There are 2 protein chains.
Amino acid sequence: MSARRPPTLEDVAARAGVSRATASRVVNDDPRVRESAREAVTAAIAELGYRPNRAARSLVVREPDSVAVLVHEPDQRIFADPFFGGMLRGVSQRLADTPLQMVLLMGEPARDAARMERYLRAGHTDGVIVVSAHRGDGLMAALSETRLPTVFVGRPLTEGPAFAYVDVDNREGGRIAARRLIERGCRRIATITGPTDMAAGIDRLAGWRDEMTAAGLATDAVEPGDFTPQGGTDAMRRLLAAHPDLDGVFVASDLMAAAAMAELQAAGRRVPDDVALVGFDAGAAASMTRPPLTTVANPVLEMAVRATELLLRLMRGEEVQPEVLPTRLVEGGTA
Amino acid sequence: MSARRPPTLEDVAARAGVSRATASRVVNDDPRVRESAREAVTAAIAELGYRPNRAARSLVVREPDSVAVLVHEPDQRIFADPFFGGMLRGVSQRLADTPLQMVLLMGEPARDAARMERYLRAGHTDGVIVVSAHRGDGLMAALSETRLPTVFVGRPLTEGPAFAYVDVDNREGGRIAARRLIERGCRRIATITGPTDMAAGIDRLAGWRDEMTAAGLATDAVEPGDFTPQGGTDAMRRLLAAHPDLDGVFVASDLMAAAAMAELQAAGRRVPDDVALVGFDAGAAASMTRPPLTTVANPVLEMAVRATELLLRLMRGEEVQPEVLPTRLVEGGTA
DNA sequence: AGCCGTTGTGAGAGCGCTCTCACGCAAGGA
DNA sequence: TCCTTGCGTGAGAGCGCTCTCACAACGGCT
């Protein structure tokens, strides 16, 4: 017992007094093994502490074994936003009954893009789910070069190759939010948008514009946010300074909405009496405020599951179509 | 071009007119290759779209290539709690300059324990970081059997083998929180605890008890929570019913504290004037309430980084000691 | 001229596994 | 009795790669 080499199937076979082939059959649950042989092998495995070498296995049975989830966001956001937790959860859930493993690639666009790209190019993985892609982060080009099956969560903003994606109907969500504020009697309605380099930001704003224009209301009270609480606070402050007469705000995420609401209250405005508020996401943050947020549903878990489903189909070589999930208003007490 | 077999190093070598060994040298940046040969191989790689087979490589150069992060929590919590995002972020950050990949294993203790255990046993991974282990979920035994290097985030509650871990000084945190409430003049101080099967829950409560007892105050107003907003709401409601005279509450997490605060306000209590509140975590949730929470710092990112560091050391065969990080009060407006 | 070291290269073994193929053997049918 | 089955098994090839070892070629020495 000098060279502390981990036991191989060969060792197991020797100890059990069978051939490597039979030992392999036991490990892989092949039914064509006599019970006594099976027991001997099982015992040998236990005694030796044998663990199959995955590399050797996958060298032979060439089949996909992992899916990468790419999260391309600055630290701060991943930290705070339950969106990502839900995403991972959904992917993991759908993958549970497949042999595929979920490999997480996280990083800031600027700092880690090169490393991520290198990893993807190296072919360590068999499919990619991109969560929250931004316009122009160079990722799309790199991805389409790798020819890896890829699904985006959130419509990718790209001129180039068409990627499969799953998204919620953000534009309709924006309309729903604006409609509620208008029907409530608000006339000076502002919006805090998401990042303007993401489809979620652009589309929610567009929906809000649709409805505002249809109602003949001004659409000039627009402040960009970045989906973080701090961004919500700042945007609300700017909004109050520029449009002190506002009586309704559509905030493109609950996290920002909660922060914006705190800012409103700090400025002495009552919610919803002075200013009505509609958020977006209907996540945990919505129920943590007082009153709870009126907000637009964002089926995060479902998107994750659907995206994974699409990816699995893509990996089987099937054609897929983008999916856009419906949304609806979730009642709270802020509008 | 019939059998669409991915190109191998052999193909590259043939195309470049060199041997497999030379091609391999080029791929692995071995300096001992003539410039002309290097160019030929590089060109062949590009033309053929060659990607090295990772399995074949790691079959030969036996070195660790992945680390599993085990998250053992019900859906609901992972969804909402920024703790997990921070955790993943920290691990990913520390791993960034190593060749190790982070593999995520998520699942509910009851439903997915078997699958996780199987995965770990299968030896797909070279180290494990366990995030938020509960007492008696059988994980510890399974883990110690696999003999895989393992680090816990949060002190594991186990009688058996000693695991390496990183934790924040939860007990001291509980003391800090109680002390603040006492110094503020509160006399009827309650607490909403974390899960009683987790060290974080037990230790924070113990710290609160230390300080309360030292101050000669009653320690009977204790309601268990589960770190979720809903748990915070329910516990606060029970607390108000059982101890309507309370004037201070230590809530063992910000998420619960924010919910508890909403519940207090709904019951007509002003925070902090009628009831003072101290949370735990100092995460994003703390700054989202009005007023922002006074809370005890929980260095999530740092714990993740430290835990990963310990794991790397363990994987190199070094001895490691548990690490307990200090904490402190973060000022807000609730106590 | 003869020897050495250096440099670039190729042949080939072998990593641990799966899987095909062939074979021994027992049971059943002719 | 002989011939089929079919089951359990073992021998052995081969997956794509790395790495050792041997060797050719070429200076620069004595």
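Predicted, not measured: the structure shown is a model, and the values here were computed from it. Just so we're on the same page: letters track the sequence lines, and every chain starts at 1.
Side chain of Thr150(A) to main chain of Leu148(A): a donor-acceptor pair is present (N/O by atom type, distance under 3.5 Å, no hydrogens or angles). Using modelled atom types, one side-chain atom of Asp30(B) and one backbone atom of Arg32(B) make a donor-acceptor pair closer than 3.5 Å. In this structure a side-chain-to-backbone donor-acceptor pair under 3.5 Å is present from Asp126(B) to Ser66(B). Side chain of Thr308(B) to backbone of Ala304(B): a donor-acceptor contact under 3.5 angstrom is found.
Neither OP1 nor OP2 of dG8(C) sits under 4.0 Å from any side-chain N or O of Arg32(B). Phosphate proximity of dT9(C) to Thr22(B): absent, as no side-chain N or O sits under 4.0 Å from OP1 or OP2. OP1 or OP2 of dG10(D) has at least one side-chain nitrogen or oxygen of Ser19(A) nearer than 4.0 Å.
The minimum heavy-atom distance between Thr22(B) and Ala37(B), with the atom names listed, is CG2-CB, 4.5 Å.
As rounded to whole Å, 7 Å separates atom P of dC19(D) from atom CG of Asn28(B). Rounded to whole Å, the distance from CG on Asp30(B) to P on dC17(D) is 16 Å. Between the C1' atom of dG8(C) and the CD atom of Glu39(B) lies a distance of 16 Å, rounded to the nearest Å.
Heavy atoms of Ala37(A) sit under 4.0 angstrom from primed sugar atoms or phosphate atoms, though from no base atom. If you check every strand for non-hydrogen atoms under 4.0 Å, Val27(A) touches nothing.
When distances run from any side-chain atom of Ala21(A) to the nucleotides dG12(D), dT9(D), dG16(C), the shortest one goes to dG12(D). Set against dT18(C), dT9(C), dG10(D), the side chain of Arg20(A) has dT18(C) as its closest nucleotide. Picking from dT9(D), dC17(D), dC17(C) the nucleotide with the shortest atom distance to the side chain of Asn53(B) gives dC17(D). Counting only heavy atoms from C-beta on, Val60(A) has its side chain closest to dC17(C) among dC17(C), dT18(D), dC15(C).
At a cut-off of 3.5 angstrom, the base of dT7(C) holds no donor-acceptor pair with the side chain of Arg34(B).
Two residues, Leu59(B) and Glu35(A), neighbour DNA chain D, and the one matched to the more 5' nucleotide by heavy-atom proximity is Glu35(A). A residue-by-residue look at Arg25(A) and Leu9(A) shows that Leu9(A) has its nearest nucleotide of DNA chain C further toward the 5' end.
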